[in-house]
Chemist: 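I'd like to ask some things about the structure below.
Quick note: numbers below take in every heavy atom, side chains included, and nothing from hydrogens, waters or symmetry partners.
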Amino acid sequence: MPVVLRWNGHRFLFYSKEIGEPPHIHVLKDGKQLKFWLADMRIARNEGFAAHEANAIMKVASEHRETFLEAWNDFFGN
């Protein structure tokens, strides 16, 4: 699972076996997980983060979207 960013204790990553899904990132911290799509920066799943935490995560994610897409495409060869 390639970690593409660490921020404030959060790990932004994707799983190496998620072939076939559109580009997305998982964010993990303290047993909580958020998944968002890179195409439209929409949250696909939130497991445990409060709304204000998810908003802060998505702000950081928006700033790094291009880096995430490059890492995804480099890894999966798209």
Side-chain angles (χ1 to χ4, degrees):
M1 84 179 119
V3 175
V4 292
L5 177 69
R6 292 180 189 273
W7 169 77
N8 200 23
H10 298 76
R11 291 181 298 144
F12 291 68
L13 55 92
F14 53 85
Y15 295 105
S16 59
K17 297 192 183 224
E18 292 188 312
I19 299 166
E21 280 201 59
H24 63 276
I25 294 290
H26 297 267
V27 183
L28 308 176
K29 183 179 181 184
D30 299 334
K32 299 179 267 186
Q33 182 172 182
L34 182 117
K35 175 182 177 179
F36 63 91
W37 304 114
L38 290 171
D40 58 8
M41 297 303 292
R42 186 174 44 90
I43 294 175
R45 184 175 62 243
N46 180 357
E47 297 175 2
F49 286 106
H52 72 279
E53 293 173 305
N55 289 339
I57 290 167
M58 293 307 294
K59 183 175 188 279
V60 170
S62 292
E63 295 168 0
H64 292 86
R65 180 178 177 266
E66 290 302 318
T67 302
F68 297 155
L69 278 169
E70 287 175 20
W72 180 280
N73 291 332
D74 287 348
F75 189 86
F76 289 110
N78 294 340

Chemist: Can you spot which of Glu21, His26, Glu47 makes a side chain to side chain donor-acceptor pair (under 3.5 Å) with Lys35?
Modeler: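 With Lys35 as partner, side chain to side chain donor-acceptor pair (under 3.5 Å) holds for just one option, Glu21.
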Chemist: Using a strict cut-off of less than 4.0 Å between a Lys/Arg side-chain nitrogen and an Asp/Glu carboxylate oxygen, indicate whether Glu53 and Lys32 qualify as a salt bridge.
Modeler: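 Lys32 and Glu53: salt-bridged.
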Chemist: Excluding sequence neighbours, so at least two apart, what forms ring-ring contact (aromatic ring centres under 6.0 Å, His included) with Phe49?
Modeler: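 Counting only residues at least two positions away or on another chain, Phe49 forms a ring-ring contact (aromatic ring centres under 6.0 Å, His included) with His10.
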Chemist: Evaluate the side-chain proximity of Ile25 to Val4: yes if any heavy-atom separation is below 4.5 Å, no if none is.
Modeler: yes
Chemist: Could you point out which residue of Trp37, Phe14, Phe68, Phe12 forms a ring-ring contact (aromatic ring centres under 6.0 Å, His included) with His24?
Modeler: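 Of the listed residues Trp37, Phe14, Phe68, Phe12, the ring-ring contact (aromatic ring centres under 6.0 Å, His included) partner of His24 is Trp37.
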Chemist: What distance separates His64 NE2 from Glu70 CD, expressed to the nearest 0.5 Å?
Modeler: 12.0 Å
Chemist: Roughly how far, to the nearest 0.5 Å, is CZ of Arg6 from CG of Leu28?
Modeler: 10.0 Å
Chemist: Calculate, to the nearest 0.5 Å, the distance between atoms CG and CD1 belonging to Asn46 and Ile57 respectively.
Modeler: 7.5 Å
Chemist: Got more than 12 heavy atoms from elsewhere within 6.0 Å of CZ, Arg45?
Modeler: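 Enclosed.
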Chemist: Nearest 0.5 Å please: distance from the CE atom of Met58 over to the CG atom of Leu34.
Modeler: 6.5 Å
Chemist: What's the separation between atom CG in Asn55 and atom CD1 in Ile43, rounded to the nearest 0.5 Å?
Modeler: 7.0 Å
Chemist: Could you check Val60 against Leu5 for side-chain contact (heavy atoms from CB on, under 4.5 Å), going step by step and ending with a plain yes or no?
Modeler: CA-CA 10 Å; Val60 170; Leu5 177 69; 3.9 Å; yes
Chemist: Can you name the closest pair of heavy atoms from Pro2 and Ser16 and give their distance?
Modeler: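 So the two residues come closest at CD-N, 4.4 Å.
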